[in-house]
Amino acid sequence: MDDEYAKLIRRVNQPRVVIDNKACEDATVIQVDCVNKHGILLEVVQVLTDMNLTITKAYISSDGGWFMDVFNVVDNDGNKIRDKQVVDYIQRFLQRIETSAGFVPSLRGSVGVVPSEEHTSIELAGTDRPGLLSEVCAVLADLRCNVVNAEIWTHNACAAAVVNVTDDSTGCAITDPKRLSMIKKLLCNVLKGNDDLKTAKTTLSAPGFMHRERRLHQIMLADRDYERVERAGVRAAEEGSSRPQVNVLNIEKDYTVITMRSKDRPKLLFDIVCTLTDMQYVVFHGMVNTGRMEAYQEFYIRHVDGLPISSEAERVRVIQCLEAAIERRASEGLELELCTEDRLGLLSDITRIFRENGLCIKRALISTKGGKVNDTFYVTDVTGNPVDPKIIDSICRQIGRNALQVKHSTTLAPEPPHQETTIGYLFGNLFKARTFQNFKLIRSYS
């Protein structure tokens, strides 16, 4: 009965979305008011980031069963959203937001294969090592699987990937159970490698649509990539200076306050909210503010059971998981872009050349459209250090200078200025009197 009543309330109170280009001088202001439910903040942020909008500021409140948030957004060029068709699309999409499928765990050394009408989706998770992606691509090419699109993340000795493939002969999804079983078996062998202590497991992923980037976060979280490992000779001093600053503090036994200061980048808010949601925490109030290079975020959270963080072990785990969420998508290394005609085995050949020249792929985004590939790779040498320019020049000659372009090499940002206080300037006095009037004052800043 409670579930049916909640559904009725949501149907009666449809989301109210206001998009305003006059309220702020340098950003489009999007205001979303609706009935609150667990995961709705993630859904809203996901819609905005999937449209390649950059969230420069945000004010979040969801106390009292009502969700009332304000986002300042710009496009990729830093401009307001003025195209009426885009504005209408955002409004319609936000008015249909629904909480996505729940957390589906993935085990270390596992492969999940899900066929659909258009392609077969393969999830990979295991221990990272130089040449791993090359080996995976070689197996897929030998099995006549054409990679349509994929995303690969590595972090803290863990690797995760979501790969969509088609049958090279038909251009459609692979549906033969025997062939699917063979794909899973061979990929599990690749993930296991020479480590006999690891037990490669094969799992069938949950059916239905799952947001690819959210799924990667879930795979990494389940694989415990937040537990840092010592890697000798991998720029230890630089890693320490560039890591995000995450602080966790309980106040008045009502909320846990989380403050984060890090280098700004696209989709940063999505990555953080995604991790908090999958860890079963609810953001009741929050603030996001970004500058030219730095982002400051402050959230007042509780667990879904209504309690704040209650132990030191839980506090440490939240800090580690949020640090990992910020770091996973950080653009580490030299960015290479591949644009050329698609063919079976192309990705296998490209990654083999990278491996033979001592490159380690830290992150990759693979996409194919209209017979053309547009792939992005972030690479370092095998020790995690910058690649020798002579090696890059040699690789460009092998692949073709018109096909492979060097975009830019990421540099480490300076260490953010130290902040002694953990509670930010915006919410310092908010919880002395938590009333709706307080929230209206917060929203007036937008």
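Any value given below was found using the heavy atoms of this structure, including those in side chains, with hydrogens, waters and symmetry copies removed.
Panel note: side chain S262, backbone P244; no donor-acceptor pair is recorded below 3.5 Å. Here the side chain of K362 pairs no donor or acceptor atom with the backbone of V379 at under 3.5 angstrom. Although no hydrogens or angles enter the test, the distance criterion places no donor-acceptor pair under 3.5 Å between the side chain of S62 and the main chain of H285. In this structure, the side chain of D305 engages the main chain of L307 through a donor-acceptor pair within 3.5 Å. With hydrogens and angles ignored, the 3.5 Å screen pairs no side-chain donor or acceptor of T277 with any backbone N or O of L42. Judged by distance alone, the side chain of D69 and the main-chain N or O of S61 form a donor-acceptor pair under 3.5 Å. When atom types are taken as modelled, the side chain of R328 and the backbone of W153 share no donor-acceptor pair closer than 3.5 angstrom. Under the 3.5 Å distance criterion, the side-chain polar atoms of N357 are matched with a main-chain donor or acceptor of I353. Using modelled atom types, one side-chain atom of D20 and one backbone atom of K22 make a donor-acceptor pair closer than 3.5 Å. For the pair T256 (side chain) and I309 (backbone), a donor-acceptor distance under 3.5 Å is present.
Applying the side chain to side chain contact (heavy atoms under 4.5 Å, CB included) test to N76 and every residue at least two apart in sequence or in another chain returns N52. Every residue meeting the side chain to side chain contact (heavy atoms under 4.5 Å, CB included) condition with Q320, not counting sequence neighbours, appears here in chain and number order: Y226, V316. With sequence neighbours excluded, the residues satisfying side-chain hydrogen bond (donor to acceptor under 3.5 Å, both in side chains) with S134 are R355.
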### Message
For a side chain to side chain contact (heavy atoms under 4.5 Å, CB included) check, start with the C-alpha distance between M279 and L221, then their side-chain angles and the critical distance, and finish with the verdict.
### Response
CA-CA 9 Å; M279 292 180 71; L221 182 63; 4.0 Å; yes

### Query
R261 and Q297: side chain to side chain contact (heavy atoms under 4.5 Å, CB included), yes or no, with the steps?
CA-CA 7 Å; R261 193 179 292 271; Q297 303 185 62; over 6 Å; no

### Task
Could you walk me through whether I272 and F299 pass the side chain to side chain contact (heavy atoms under 4.5 Å, CB included) test, one step at a time?
CA-CA 10 Å; I272 290 171; F299 298 116; 3.8 Å; yes

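Side-chain atoms of Q31 and D33 include a donor-acceptor pair closer than 3.5 Å. Of the N and O atoms on the side chains of H211 and D50, at least one donor lies less than 3.5 Å from an acceptor on the other residue. No donor-acceptor contact under 3.5 angstrom links the side chains of S367 and N149, judged on distance only. Counting only N and O atoms by type, the side chains of R212 and N164 include no donor and acceptor under 3.5 Å apart. E327 and H155 share a donor-acceptor pair across their side chains, judged by distance under 3.5 Å alone.
The pair E294-K263 does not count as a salt bridge, with every side-chain nitrogen at least 4.0 angstrom from each carboxylate oxygen. The existence of a salt bridge linking K80 and D26 is excluded, since no basic side-chain nitrogen approaches an acidic carboxylate oxygen closer than 4.0 Å. Between R317 and E314, no side-chain nitrogen of the basic residue sits less than 4.0 Å from a carboxylate oxygen of the acidic one, so the salt-bridge criterion is not met.
Interatomic distance, CG of L347 versus CG of L133, reported as 6.0 Å (0.5 Å rounding). Atom CD of Q46 and atom CD1 of I40 lie 12.5 Å apart (nearest 0.5 Å). To the nearest 0.5 angstrom, K267 atom NZ is 3.5 Å from E213 atom CD.
Looking at heavy atoms from C-beta onward, F377 lies in side-chain contact with I366 at the 4.5 angstrom threshold. Under the 4.5 Å side-chain criterion, counting only non-hydrogen atoms from C-beta, L191 is not in contact with T127. Using a 4.5 Å cut-off on side-chain heavy atoms (C-beta onward), V35 and F67 make no contact. A heavy-atom distance below 4.5 Å is found between the side chains of L140 and I122.
Cation-pi geometry between R302 and F284 is satisfied (NZ or CZ under 6.0 Å from the ring centre, within 45° of the ring normal).
Across D75 and I81, no two heavy atoms sit closer than the pair N-CD1, 3.7 Å. Taking all atoms of both residues into account, the shortest heavy-atom contact from P386 to D381 is O-OD2, 3.9 Å. Smallest separation of non-hydrogen atoms from C145 and V165: CB-CB, 4.2 Å. Heavy-atom minimum distance, I219 versus A125: CG2-CB, 3.4 Å. Closest heavy-atom contact between T380 and G333: CG2-CA, 3.8 Å. What you find for V147 and T368 is that their closest heavy atoms are O-OG1, 3.7 Å.
When each of Q91, K84, Q85 is tested with D88 by the rule side chain to side chain donor-acceptor pair (under 3.5 Å), just one qualifies, namely K84.
The aromatic rings of F270 and H217 sit tilted, their planes meeting at an angle between 30° and 60°.
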